[in-house]
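Here's the structure, in C-alpha cells; my notes come after.
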Amino acid sequence: MALAALSIIFGSLSSLGTHLILLGDVSKDPGSRHEILSFAVPTTLLVGGGLFLIYNVSAYWAFRGVDVDWNAVAALGFAEIIVQPLVNIASMELLAYGQIARSQLMNILPLLLRLLALIGVFVLSLEVSLTFFSVAYLMACVIGLIFALHILPESWPRVKAWRILTPLEFHRSIGYAVLNLTYLGPNEIDKVVAIKLVPAEVAGLYGVGNRIIGAVTLPIVALLTAAMPQMFRESDGAFPRNHSRLNLLILLIALIYGGFASVALYLALPFFEWLFGAGYSNLGAVMPWLAVAIPGLALRMAVGAILVTQSRPWVVAAIELFGMGCLLFAALVFTRDFMYSGMSMALALAEWCMALVGVRMILFPLRMRGGS
C-alpha cells in the first residue's frame, strides 16, 4: 500500500495539471481541444519520465532494507506515473464533452482488471503475489489506455504537432499541478507515514479502513464529476458566482450524504469484521474515527471542486497543505497513546479542518485591496 501510495503521489504531478486545463477550456470551447492536447500529451510524457526516475530513487531510499521485488516497484511506478495520467487526459476530454459515462468507464476498466489480478493472487496463493499483482496492475493500465484512445471521437495530435508549454501556459498549469499533489497528499501520504509510526499490522488495518471510506465517498466523486463541466461554465473564474445555487447545493448534498454514510459505516462495523475475517479482528478499533472523517472528506472534496472551477487552485493547494500539516502533527501526537486508532483520529481531524477552512473561503472569500 505504501509503494502504491508513493507512485500515486508522483503520478499526480505527471500531467502538470494540463488535464484540468483541458477539462475547463474544452467545457467552454470544444474547438480548443487540439491546441491543448498538443502540449498536454508531450508534457505528461516528459514530466512523467523524469518523475518515474525520481520515484525509483525515492522508493529505494524509503524502503531500503524491506524485502521487496524492485521489478514490482518499477511496474507500479510506470503504471501510475506514465500510463494512468494519459488515461486521465482522455477521460477529461470526454468529460468536457459531457460524455460522463464513457469518461468514467475509462477509469473503471483498469480498476476492474486490477480486481481480477487480486482475485488471481488470492485463488492461486502465489508466493510472488506482489510481483504478479504489480505486473498485472501495469497491464491493466495499458489496456485501459488502449481502450481510452480507441473510443475517443478524434485521435490525439500527431508527434509533429506537439509543443512545449508557453510561459503563460506553464504558470497556469503549475497551479493545477500543485493542486493535484496536495489533493492526493492527505489521501496517500498518511499510508506512507503509518508505516513509520505504527507496526505493519496496524498500518495495514488503517490502509484497509481508509480504502473503505474512499469507496463510501464514491457517490460524491460521481456527483462532482458530473457537475464540473457545468461548474466551469457557470463560474468562469469570477468571484461574484461564489454563492451560485449549484455550488451551495453541492456543499449541502456532500454534508448530508457524508453524515448518513458515517452513521451507516459505524453501524456496519460488525459486517466488515466478519467480511475480512479473523486476521482483521482489530478493524473495529480503526473504523469508528474513520467514520467520523467521512462527512469532512465529502465536504473537502466538494470544496476542492468548487474552488478549482473558480480558477483558484492555489487556494485549494494552500488548504490541503494546511491539512497535511494537521495530519502529520496529529499522527505524531495520537499514535503515541492510541496505537490502533491514532492514525484514524489524525485523519478525521485533518479532513474536518480542511473542510471548514474551505467552506469559509467559498462563502467569505478573502479580498485583496482594490477589490480584486
For the pair V308 and M228, evaluate side chain to side chain contact (heavy atoms under 4.5 Å, CB included) and give the outcome as yes or no after the intermediate values. CA-CA 9 Å; V308 165; M228 280 189 76; 4.2 Å; yes
Output, in order, the C-alpha distance, side-chain angles, deciding distance and verdict of side chain to side chain contact (heavy atoms under 4.5 Å, CB included) for F232 and D25. CA-CA 8 Å; F232 269 114; D25 287 5; over 6 Å; no
Quick one: do L86 and L45 satisfy side chain to side chain contact (heavy atoms under 4.5 Å, CB included)? Show the steps, please. CA-CA 8 Å; L86 293 172; L45 292 172; 3.9 Å; yes
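The shortest non-hydrogen separation linking I89 to A40 is CD1-O, 3.8 Å. Of all non-hydrogen atoms in I82 and G49, the two that sit nearest each other are CD1-N, 3.5 Å. When every heavy atom of L22 is checked against every heavy atom of R33, the shortest pair comes out as CD1-O, 4.4 Å. Of all heavy-atom pairs spanning I81 and F52, the tightest one is CG2-N, 3.8 Å. The minimum heavy-atom distance between L290 and N210, with the atom names listed, is CD1-N, 3.7 Å. In terms of heavy-atom proximity, L251 sits nearest to A302 at CD2-CB, 4.1 Å.
Here the CG atom belonging to L356 is positioned 10.5 Å from the CD1 atom belonging to I319, to the nearest 0.5 angstrom. Expressed to the nearest 0.5 Å, how far OG1 of T217 lies from CG of L297 amounts to 4.5 Å. The distance from the CG atom of L327 to the CE atom of M354 is 7.5 Å, given to the nearest 0.5 Å. To the nearest 0.5 angstrom, W274 atom CH2 is 15.0 Å from L269 atom CG. With rounding to the nearest 0.5 angstrom, the CG atom of L249 is 8.0 Å from the CG atom of L223. The structure places CG of L51 at 12.0 Å from CD1 of I9, a figure rounded to the nearest 0.5 Å.
Legend: side chain to side chain donor-acceptor pair (under 3.5 Å) pairs involving residues 249-266, not counting sequence neighbours: none detected.
The side-chain heavy atoms of V73 and Y60, taken from C-beta on, include no pair separated by under 4.5 Å. The shortest distance between side-chain heavy atoms of R163 and E169 falls below 4.5 Å. The closest side-chain heavy-atom distance from N247 to Q310 is below 4.5 Å. In this structure, the side chains of Y55 and L76 come closer than 4.5 Å at one or more pairs of heavy atoms. Residues F334 and S344 fail the side-chain proximity criterion, which asks for heavy atoms closer than 4.5 Å. Side chains of L265 and F272 form a contact here, defined as non-hydrogen atoms less than 4.5 Å apart. Taking 4.5 Å as the limit, every side-chain heavy atom of V57 sits out of range of all side-chain heavy atoms of W61. Side-chain atoms of L16 and L165, non-hydrogen and from C-beta on, do get closer than 4.5 Å to each other.
More than 12 heavy atoms of other residues, nucleotides or ligands shown are found within 6.0 angstrom of CG on L53. Heavy atoms of other residues, nucleotides or ligands lying less than 6.0 angstrom from CZ of F78 number 12 at most.
Using modelled atom types and a 3.5 Å distance limit, the side chains of E35 and S32 yield no donor-acceptor pair.
Under the 4.5 Å side-chain heavy-atom criterion for Ile, Leu, Val, Met, Phe, Trp and Tyr, I108 and L95 are members of distinct hydrophobic clusters. L246 and L363 end up in the same hydrophobic cluster when Ile, Leu, Val, Met, Phe, Trp and Tyr side chains are linked at under 4.5 Å. Note on L252 and M361: separate hydrophobic clusters, where clusters join Ile, Leu, Val, Met, Phe, Trp and Tyr whose side-chain heavy atoms are under 4.5 Å apart, directly or indirectly. Linking ILVMFWY residues whenever their side-chain heavy atoms come closer than 4.5 Å, directly or via other members, leaves I164 and I174 in distinct clusters. The same ILVMFWY cluster, assembled from side-chain heavy atoms under 4.5 Å apart, contains both I213 and F271.
R102 meets the salt bridge (charged side-chain N to carboxylate O under 4.0 Å, His left out) test with no other residue; sequence neighbours excluded.
No donor-acceptor pair under 3.5 Å is formed between the side chain of S91 and the backbone N or O of V87. Of the possible polar contacts, one joining the T225 side chain to the V221 backbone as a donor-acceptor pair under 3.5 Å is found. Not one N or O on the side chain of R211 forms a donor-acceptor pair closer than 3.5 Å with the backbone of G207.
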For residues 136-160, dump all side-chain donor-acceptor pairs below 3.5 Å to protein atoms at least two apart in sequence or in another chain.
residue	atom	partner	partner atom	Å
Y137	OH	E80	OE2	2.4
Y137	OH	R114	NH1	3.2
W156	NE1	E93	OE1	3.3

